[in-house]
2 protein chains.
Amino acid sequence: MSVSEPADLDFWSFVALANERLAGEYGFRHQLATEVLLTLNRASDLVTYDLEAAVHRPRGRSWSAFRLLFVVWLAGPLEPSGAARLTGMSRAAVSNLAKGLVAEGLLARTPDERDGRSVRLSLTGAGHAEMVDVFREHNEREAGWTAVLTEAEQRILVMLLDKLIIGHREFEARNRR
Amino acid sequence: MSVSEPADLDFWSFVALANERLAGEYGFRHQLATEVLLTLNRASDLVTYDLEAAVHRPRGRSWSAFRLLFVVWLAGPLEPSGAARLTGMSRAAVSNLAKGLVAEGLLARTPDERDGRSVRLSLTGAGHAEMVDVFREHNEREAGWTAVLTEAEQRILVMLLDKLIIGHREFEARNRR
DNA sequence: TCGAACTAGTCAATATCTGAACTAGTTTCC
DNA sequence: GGAAACTAGTTCAGATATTGACTAGTTCGA
């Protein structure tokens, strides 16, 4: 049997509840760690979902497709494996996505001159035009998200997140292949 | 033609490159916003992937299944729609996941007494035991991630992320249903 | 009180991601 | 010079997500 929980329990109430029960009833020691990572994932999910729904889906583009085009746009002609590393996707995902984007005429796949196994992805004229155009809207919406923080707060946030990312190496974390 | 880019361009070099080109060549105004959100997503992806690979997959559990069990564990018997709200998944995803977890005997689905349309998800004895056990390992690994930050830094990080999450309401962002 | 509008959950179709197997080209080193 | 080990990319099967349609129960108002 349970107390009738509020049907409208929201994210913060849940975090508070989790903190309380994990420490109080079960004696887990690292409540703050749980809170940090729950909040991190939540923030990331919300931002990603919003940008995808507001900017990219209406143009018929998936979030992943945008990320791939984004890194190819800025990091120049790029091997699929490099694109996978920068986006954090698997090589298989890049391969599948690229197939569609090549068919749509946004991406070009040219064989590497030096290494016959390899391939370079680059933007076509149409791909470049689309990125410049779509990023205008993307960037405005990003700014909408971060505007609630001062510039100093934004820099601190980046610094703390960077620390977290770097720290994982010492912690022998697993990486995507 | 392009300068031969370093084949081992890493995440930070990419962020630096993106900043430079977006502002310099294209004149986009909100570089810092882009940097904040790129870093946020990256950190979240790395942490999630690591916890899934190190703690949950070896036990045959997906990240989503863990999240669902986690909210049901702590927020008590819960309707699928409430679980969807807390985890950030769609109702359909909760429904599918729950089907499997009920079949495995970790989750119980009982009809709601008041509302004939509704259902309440709760942990079975086995489900509860598994959560207590698996969370021990999960929490240790979470602590490994956050240990690179001082307690004060962790609190600041949570505060900044909370601000970001709250801010989105004023920005009329879209939410998951 | 009865029908219209609404809400909860599930199902079906589609999309995408992952890991593993596979193909093909390159490097190593005896 | 050539076989073995390695590496890049693709393909395939399986898992899991999303949206939208659908079923069933509830609520509200004429």
Legend entry - NZ/NE/NH1/NH2 to OD/OE distance under 4.0 Å, D115(A) and R117(A): yes
Legend entry - salt_bridge(R155(B), E151(B)) N-O dist < 4.0 Å: yes
Within this structure, what is the [atom1]-to-[atom2] distance between [X] and [N], rounded to whole angstrom?
X	N	atom1	atom2	result
W63(B)	dG19(C)	CH2	C1'	20 Å
R114(A)	dT7(D)	CZ	C1'	17 Å
E79(A)	dT26(C)	CD	P	14 Å
F66(B)	dA17(D)	CZ	C1'	19 Å
R57(B)	dG19(C)	CZ	P	8 Å
L121(A)	dG9(D)	CG	P	8 Å

Inset, instruction - For D112(B), answer base if it contacts any base atom (sugar-phosphate contacts may also be present), sugar-phosphate if it contacts only those atoms, and nothing otherwise; contact means non-hydrogen atoms under 4.0 Å. - result: nothing
Inset, instruction - Look at all strands and tell whether S118(B) reaches a base, only sugar-phosphate, or nothing, counting heavy atoms closer than 4.0 Å. - result: sugar-phosphate
[N] phosphate, OP1 or OP2, under 4.0 Å from [X] side-chain N/O:
X	N	value
K99(A)	dG9(D)	no
S81(A)	dG9(D)	yes
S90(B)	dT18(D)	yes
Y49(B)	dG19(C)	yes
R109(B)	dT10(C)	yes
S64(A)	dC17(C)	yes

Inset, instruction - Name the orientation class of the two ring planes belonging to W63(B) and H138(B) (parallel below 30°, tilted from 30 to 60°, perpendicular beyond 60°). - result: parallel
Inset, instruction - Measure the acute angle between the ring planes of F28(B) and F135(A), then classify it against the limits of 30° and 60° as parallel, tilted or perpendicular. - result: perpendicular
Inset, instruction - State whether the distance check finds a donor on one side and an acceptor on the other, under 3.5 Å, for side chain R117(B) versus base dG9(C). - result: no
Legend entry - Reported CZ-to-CD distance for the pair R120(B) and E79(B), which is rounded to 0.5 angstrom: 5.0 Å
